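Numbered from 1 within each chain, the chains take letters A, B, ... in sequence-line order. Note that this is a predicted model, so its numbers are computed, not measured.
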Number of protein chains: 2
Amino acid sequence: MDDVDRGLLALLQADATRTYADLGREIGLSAGATHERVRKLRAAGVIRRTTVDIDPAAVDLDVLAFVTVDSVAWIGDSGPAFAAITEIQEAHVVAGAASVLLKVRTTSTGALQDVLRRIHAIAGVSSTQATIALDTFFERPTPTGGTPAHDGTGPDER
Amino acid sequence: MDDVDRGLLALLQADATRTYADLGREIGLSAGATHERVRKLRAAGVIRRTTVDIDPAAVDLDVLAFVTVDSVAWIGDSGPAFAAITEIQEAHVVAGAASVLLKVRTTSTGALQDVLRRIHAIAGVSSTQATIALDTFFERPTPTGGTPAHDGTGPDER
DNA sequence: AATGAAACAGTATCGAA
DNA sequence: TTCGATACTGTTTCATT
């Protein structure tokens, strides 16, 4: 993982449909070498998958909510129970007051209520609290440090 | 947007490197027709972009935190100020106690502290509260209702 | 809006440096 | 690890239904 790899990751995040020849031109590598780099990044699991980013509104997912879940017991192995609820986009175990933080998308507040009902049915769950998002400023891919603006104020650099 | 489109979206989310011929075979369409469908989904903005999903740990982003931000004034136009902080992966205006909810990734807790400092420097921000994620059960693409049979009625189904 | 075929472009591979 | 060349595979276009 050198700077060339990080640059490639940033370019691919922005647009994974570009050709290897094109990407290579931008970072100063041949198409073959670029291809080999990307192949290795995939093999190493740095690139987990190539996917499409979909507009939630286009599939009628107009409601976005963050749900904190409290539990009576340890919920460290309830991952699959949350994963079974398809409306849950992310599930994280968090430190602090709540045990789990969920990102949930539904077509309506009624559907959200139904999701909350199913969450309560999971063993150990004692309570939930939902916070509705009114507007999303932005959602972007995991930062890479590839070629991002650099304001120079940060303590660490790489 | 019919069921064929939704099926295509689900397949592309799972693996956008598959060929049109291959995708078409699975949903019962020729390569040409599949290509045309996907082209239209892109043109309509349903598919916002094709991207790669990167393992955060591979780029040393070992700290994930959700930060709630309180403000004294209306922050409806501070989107760009948050976007300028590259460590912020998502920013949403939320209803409830906090004004904005952020998803932040950093290489260390020290770097997180620095991000919080920069957030405080944004006009109108009065306080922040960070919640650290200890473990991520899963993070997946926006659900599409693609594979699950789904006729648009009723709260939801699996 | 879909098909099948043809022309074109990009990918994947390989020997050499 | 890279490059450059090549064979191959997939994409893109188009006339047709």
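Between Arg37(B) and Asp5(B) there is a salt bridge, since a side-chain N of the basic residue sits under 4.0 Å from a carboxylate O of the acidic one. By the 4.0 Å N-to-carboxylate-O rule, Asp53(B) lies too far from Arg140(B) to be salt-bridged with it. Taking a cutoff of 4.0 Å between a charged side-chain nitrogen and a carboxylate oxygen, Asp114(B) and Arg118(B) qualify as a salt bridge. Ion pair Lys103(A)/Glu139(B) not flagged as a salt bridge, since none of the NZ, NE, NH1 or NH2 atoms sits closer than 4.0 Å to an Asp/Glu carboxylate oxygen. Comment: Arg117(B) does not engage Glu87(B) in a salt bridge, judged by the lack of any side-chain N to carboxylate O separation of less than 4.0 angstrom.
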Pairs of donor and acceptor atoms involving the side chains of residues 38-45 of chain B, under 3.5 Å and at least two apart or interchain, shall be tabulated with distances.
from, atom 1, to, atom 2, distance (Å)
Arg39(B), NE, Glu36(B), OE1, 3.1
Arg39(B), NH2, Glu36(B), OE2, 3.0
Arg42(B), NH1, Thr50(B), OG1, 2.7

Sequence neighbours excluded and cut-off under 3.5 Å, please list the side-chain donor-acceptor pairs for residues 73-82 of chain A, or say none.
from, atom 1, to, atom 2, distance (Å)
Ser78(A), OG, Ile75(A), O, 2.7

Applying side chain to side chain contact (heavy atoms under 4.5 Å, CB included), run through Val69(A) and Val67(A) and close with a yes or a no. CA-CA 6 Å; Val69(A) 178; Val67(A) 177; 4.2 Å; yes
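Between Leu29(A) atom CG and dT2(D) atom P the separation is 5 Å, expressed in whole Å. The CE-C1' distance, from Met1(A) to dT1(D), rounds to 17 Å in whole Å. The distance between atom CG of Asp5(A) and atom C1' of dT2(D), rounded to the nearest whole Å, is 14 Å. In this structure, Leu23(B) places its CG atom 12 Å from C1' of dG10(D), rounding to the nearest Å. Atom CZ in Arg25(B) sits about 11 Å away from atom P in dT11(D), given to the nearest Å.
In this structure, His92(B) has its ring center at least 6.0 angstrom away from the ring center of Phe138(A).
Interface residues of residues 31-43 of chain B facing DNA chain C, ordered by number: Ala33(B), Arg37(B), Lys40(B); criterion, heavy-atom separation under 4.0 Å.
Thr128(A) is linked by a side-chain hydrogen bond (donor to acceptor under 3.5 Å, both in side chains) to nothing, counting only residues two or more places apart in sequence or in another chain.
Hydrophobic cluster membership is shared by Leu11(A) and Val4(A), with clusters built from Ile, Leu, Val, Met, Phe, Trp and Tyr side chains linked at under 4.5 angstrom.
Running 5' to 3' along DNA chain C, contacts with non-hydrogen atoms of chain A at under 4.0 Å begin and end at dG10(C) to dT13(C).
Five base pairs at each end of the helix from dA1(C)-dT17(D) to dA17(C)-dT1(D) define two local axes, and these are offset by 30° (rounded to 10°).
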